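To keep things clear, I will list the structure first and then write my remarks on it.
Please read these numbers as outputs of a predicted model, since none were measured by experiment. One-based numbering, in listed order, for ligands and for the atoms of each.
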Amino acid sequence: MGTWPGGAGWGPRKKRIDLYASSASKDAKGGLEMQDDVGTGGHVPVMLGRVLELLGPALTGPDPVVVDANLGLGGHSAALLAAHPSLHLIGIDRDPFAIEHSTRRLSPYADRITLVHASSGDLREVLEQVGRPVVNGVLFDLGVSSPQLDEAGRGFAYSYDAPLDMRMDTEQELTAETVVNTYSAAELTRILRVYGEERFAPRVAALIIKERAKEAITSTKRLADIVRDAIPAATRRTGGNPAKRTFQALRIEVNAELSALEAALPAALDALALGGRVVVLSYHSLEDRLTKQALTARTRDTSPPGLPVPLEAHQPRFRLLTRGAELPSEEEVARNPRATSARLRAAERIRVDD
Ligand SMILES: C[S@@+](CC[C@H](N)C(=O)[O-])C[C@H]1O[C@@H](n2cnc3c(N)ncnc32)[C@H](O)[C@@H]1O
């Protein structure tokens, strides 16, 4: 196992990139409860058939390389490795337990994988570190994994009483408890409104400020109760658990999910070889909007209007492979409720820069 702590020459933000030799396993304490060493814990990769179909044509050349930028339980990765016998896979996750689990699960492919504990926001640096700056495919399966949601102790779920944590990377400092107990009313309102699309954001923020003045808010249950009390009774009776939007907002803030995606998407597109493909699965409108913007920007002809011939330098470097966002089938949603909000977009590199 080699470790690069990042830092010098990589700009002001501290970056952490830990690279694992393919067959190495990190001694992470606690973490995923696994049914068996290479098991899936009942996890079903979302829109798997479509992901394989879209990435497949890009992975047929000699020595293809694919990046799974959200390794999780390694479900998509295992299927890609099984489908393409000469494929090398670079798997990235910011959750050390995901790396630990996938190291075991993907051990049958140990000589064809490189697993990296890092944020996909640092994708460019990760690819440089592993010596593969050009790749044939990149998959993003954004958001939280089943074990992150299901493990009470990680504090992602309002349905369990647990410490307010919500860190995907358990080695980072910022937790949901810090956000809830130290951010100003204005900051909390903004986060709840923008990341949670919570229309009662000012009321929820005001009640959080009032309650934390009595005693620090340290548990998911107390926060869920505060949110419930802040929402008008008539609204509370409709539309599921009112804490859902607040928990989503805090999770996105704690893990800087949108800024990571904003950095990762252009880095992924830049890294693609001719014919290389990117597939993005997002789970809420903010992620899908960022994805749509990043892909649209690269698939447009930017020639000034009115020219007699199109300018080569302004021709799009990519083409869209999906019309709008594709959704999972009703059958998949019935089988796997976590696929419900999935939106899939994909693009292919059709030109390289000189
Ligand atoms: C939906 S799960 C991926 C599931 C995976 N495709 C599978 O089949 O098992 C999302 C994973 O992405 C990770 N993640 C989220 N944001 C990340 C980021 N910015 N960088 C790296 N990993 C991230 C989470 O820790 C989680 O394990």
Quiz item: Backbone or side chain, does any N or O of G75 fall under 3.5 Å from an N or O of ligand 1?
Solution: yes
Within ligand 1, which atoms have a heavy atom of [X] less than 4.0 Å away?
| X | value |
| --- | --- |
| L73 | 7 (C), 9 (O) |
| D95 | 25 (O) |
| A69 | 21 (C), 22 (N) |
| G74 | 7 (C), 9 (O) |
| L142 | 1 (C) |
| Q148 | 24 (C), 25 (O), 26 (C), 27 (O) |
| M168 | 14 (N), 15 (C), 16 (N), 24 (C), 25 (O) |
| A118 | 20 (N), 21 (C) |

Contact between ligand 1 and [X] is defined here as a heavy atom of the residue under 4.0 Å from a ligand atom; is it met?
| X | answer |
| --- | --- |
| L71 | yes |
| E257 | no |
| L261 | no |

Practice problem: Could you point out which residue of R245, K244, R193 forms a side chain to side chain donor-acceptor pair (under 3.5 Å) with E198? | Solution: R245
Quiz item: With respect to D95, which candidate in R154, H101, H117 satisfies the side chain to side chain donor-acceptor pair (under 3.5 Å) definition?
Solution: R154
Considering only the protein, which heavy-atom contact is closest to [atom], and what is its distance?
| atom | answer |
| --- | --- |
| atom 4 (C) of ligand 1 | D141 OD2, 3.3 Å |
| atom 3 (C) of ligand 1 | N70 O, 3.2 Å |
| atom 17 (C) of ligand 1 | R94 CD, 3.4 Å |
| atom 11 (C) of ligand 1 | D93 OD2, 3.5 Å |
| atom 1 (C) of ligand 1 | V144 O, 3.2 Å |

Quiz item: Who passes side chain to side chain donor-acceptor pair (under 3.5 Å) against D63, sequence neighbours left out?
Solution: none
Check whether the side chains of [X] and [Y] place a donor and an acceptor atom closer than 3.5 Å, and report yes or no.
| X | Y | answer |
| --- | --- | --- |
| Y195 | E257 | no |
| D68 | S77 | yes |
| H284 | S341 | no |

Quiz item: Is ligand 1 under 4.0 Å from a heavy atom in the side chain of A260, in the backbone, in both, or in neither?
Solution: side chain
Between [X] (side chain) and [Y] (backbone), is there a donor-acceptor pair under 3.5 Å?
| X | Y | value |
| --- | --- | --- |
| R349 | R277 | no |
| R345 | T322 | no |
| E287 | Y283 | yes |
| R343 | L327 | no |

Exercise. Please collect all ring pair (Phe, Tyr, Trp, His ring centres under 6.0 Å) contacts where either partner lies in residues 121-156, sequence neighbours excluded, each pair once.
Key: none
Exercise. For atom 18 (C) of ligand 1, state which one of S120, G143, P45 supplies the nearest heavy atom.
Key: S120
Practice problem: Check whether any side-chain heavy atom of L59 sits under 4.5 Å from a side-chain heavy atom of L80, and report yes or no. | Solution: yes
